[in-house]
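Because the structure is a prediction, the values reported are computed rather than measured. A, B, ... follow the sequence lines: proteins, then strands. Residue 1 opens every chain.
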Amino acid sequence: MKLLDTLSKEEQEVDISKKVKIYLCGVTVYDESHIGHARTIIVFDVLRKYFESKGIGIEFIQNFTDVDDKIINRANKENKTAEEISSKYIENYFTDFDGLNVKRATNYPKATEHIEDIIKFIEKLIEKDIAYTTKNGVYFSVSKFPEYGKLSKKKIDDLQSGSRIEIDEEKKDPLDFAVWKLSDKEPTWESPWGKGRPGWHIECSAMSIKYLGENFDIHGGGRDLIFPHHENEIAQSESCTGIQFAKIWMHVGMVTIDGEKMSKSIGNVKSIKHVLENWGPNIIRLFCLSGHYSKPIDYSEELLKENLTKWRQVETCHYELIHANNETGEEINEFVTKIGMEFDTALNDDFNTHLALSAFFQLAKETNRLAAEEKLGLNNSKTIKEELKRMLEILGLKIPEITDNQKEEIDKLIIDREKARNGKQFEDADKIRDKLNEMNIELIDHKEKTIWMRKEMIRAEK
RNA sequence: GGUACUCUGGCAGAACGGUUAUGCGUGAGCCUGCAAAGCUUAUACAAGGGGGUUCGACUCCCUCGGGUACCUCCA
């Protein structure tokens, strides 16, 4: 698989000869997660599921930033401790992302649980004379890392002249950033430089290296993290270890609303909770994967609705396959193989989920075509089912299960309806159909038989 | 101001130096007791403007312009 690397601006082959090691910058836990977080994390969820479907081992680390001014501010405002705030929103995070059918990462390291590692890291930087102490804390000296700016393609001079960073007389250079902030306000930890807390960027350097080694495969996050966060991570890590940090930098585009980035100040943030309640996980995942990961995607009800239409086709396909019982069907192996290859080829080429989805929908469409023409049989439906299942798993989509009891009840009602229809008691037949509809069961009348499908309940549809 | 990304049909959105996918939408039809779902089929003078390279450009180069993001925290 090739991925476009933000740093080299070239496509780089992912080394799959051994475990693929991925570090994703997660969220700062001071508030509810929103659809923008969802997109980034869903992209990486599909990436890891794709690797795993190929039998490739992965090590997937996603951090929680649980020390940060925003957390502290919120804690003060609500008269709580920072820890109470962060643990509340970590819990909230898992509710949201379990709901989105995101597989749990190998590990979710927290900054507060890695203070030791962070301190050791800073000590190394000081030893190497790359960081220095002031009365406010420990700072990374940007001038000691000549390649500073290589990820975000910024020139140090430009940054200095256009700097909007508040002036701190203690710093040697306005661009220098804190790796340790001295402070008395809780939460604080003891350090060789005094009581305080780590800066933001240092945790990701320390934790990614701890769990994945000094040189690992993929480092990801939202595009907005390129500068300064990832730039600073590179500076810290590479000046500390002396070797290349991440092999590939993969950045996911923003979710916008009416063309604008979501932000608290504009007040256009869509929380996952809210979107999930209205649209469910499948539609959101389809939406998040509908464009190339590196590009922005605009959130709108219309697009969600479009994905709902597509999802209904997949549901239909799924139930047609379940109910397929013709003796023989049309030969389909070649088509399924071709579609499967298109799906994989798309993902292998810079993770083009949009093209992969096209293949996926084509498979559903072809299945529905066969069903419409009564050409879906036991043999070909099995082939399609296997491929569909593979794709559904990679994409993290799930058709809701139905219990055997419910199935029995449905079958019984369908038989009753058939009797009524045969006797031309259409009013009775329609009553039964309405009753099934209320159970979210939709009937599909074929020439020879009537089958049922269970539609996922989508609130926004009503 | 600097840097990055971006500008494709009503909408969404790919690939590719030489036939401009695909999906949604829309029209018509099939199926149906009627529906629904699904299918079939039709539908788009589509590439921000202007130059250039080329036998040929949406795809490469130049230039002008629009948009967004980042330059402070941000997925």
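The aromatic ring centroids of A/H219 and A/H230 lie less than 6.0 Å from each other.
A donor-acceptor contact closer than 3.5 angstrom links the side chains of A/T6 and A/H251.
Rounded to the nearest Å, the gap between the C1' atom of B/C16 and that of B/U26 is 29 Å. Only the P atoms considered, B/G1 is 34 Å distant from B/A57, to the nearest whole Å. Taking atom P on both B/A42 and B/A47, the two are 23 Å apart, rounded to the nearest angstrom. Atom name P, nucleotides B/A14 and B/C7: the rounded distance is 8 Å, in whole Å. For the C1' atoms, the distance from B/U20 to B/G27 is 24 Å, rounded to whole Å. B/G25 and B/C11: their P atoms are spaced 16 Å apart (whole Å).
Taking atom NE2 on A/H230 and atom P on B/C70, their separation rounds to 15 Å, with Å as the unit. Atom CG of A/L286 and atom C1' of B/A12 are 13 Å apart (whole Å). Taking atom CZ on A/R223 and atom P on B/C71, their separation rounds to 14 Å, with Å as the unit.
Across all strands shown, A/T28 has heavy atoms under 4.0 Å from sugar-phosphate atoms exclusively, and none from any base.
One cannot find a donor-acceptor pair under 3.5 Å joining the base of B/G38 and the side-chain atoms of A/D445. For A/N368 against B/A37, no side-chain N or O and base N or O form a donor-acceptor pair under 3.5 Å. With hydrogens and angles ignored, a donor-acceptor pair closer than 3.5 Å exists between the side chain of A/E306 and the base of B/G23.
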- Message: Run A/F64 and A/Y89 through ring-ring contact (aromatic ring centres under 6.0 Å, His included) and show every step you take.
- Response: CA-CA 10 Å; A/F64 280 123; A/Y89 287 107; over 10 Å; no
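With distances taken from any side-chain atom of A/R312 to the nucleotides B/A14, B/A36, B/G38, the minimum falls on B/G38.
Ring-plane geometry between A/H201 and A/F177 is classed as perpendicular, the angle between the planes exceeding 60 degrees on a 0 to 90 degree scale with a lower cut at 30.
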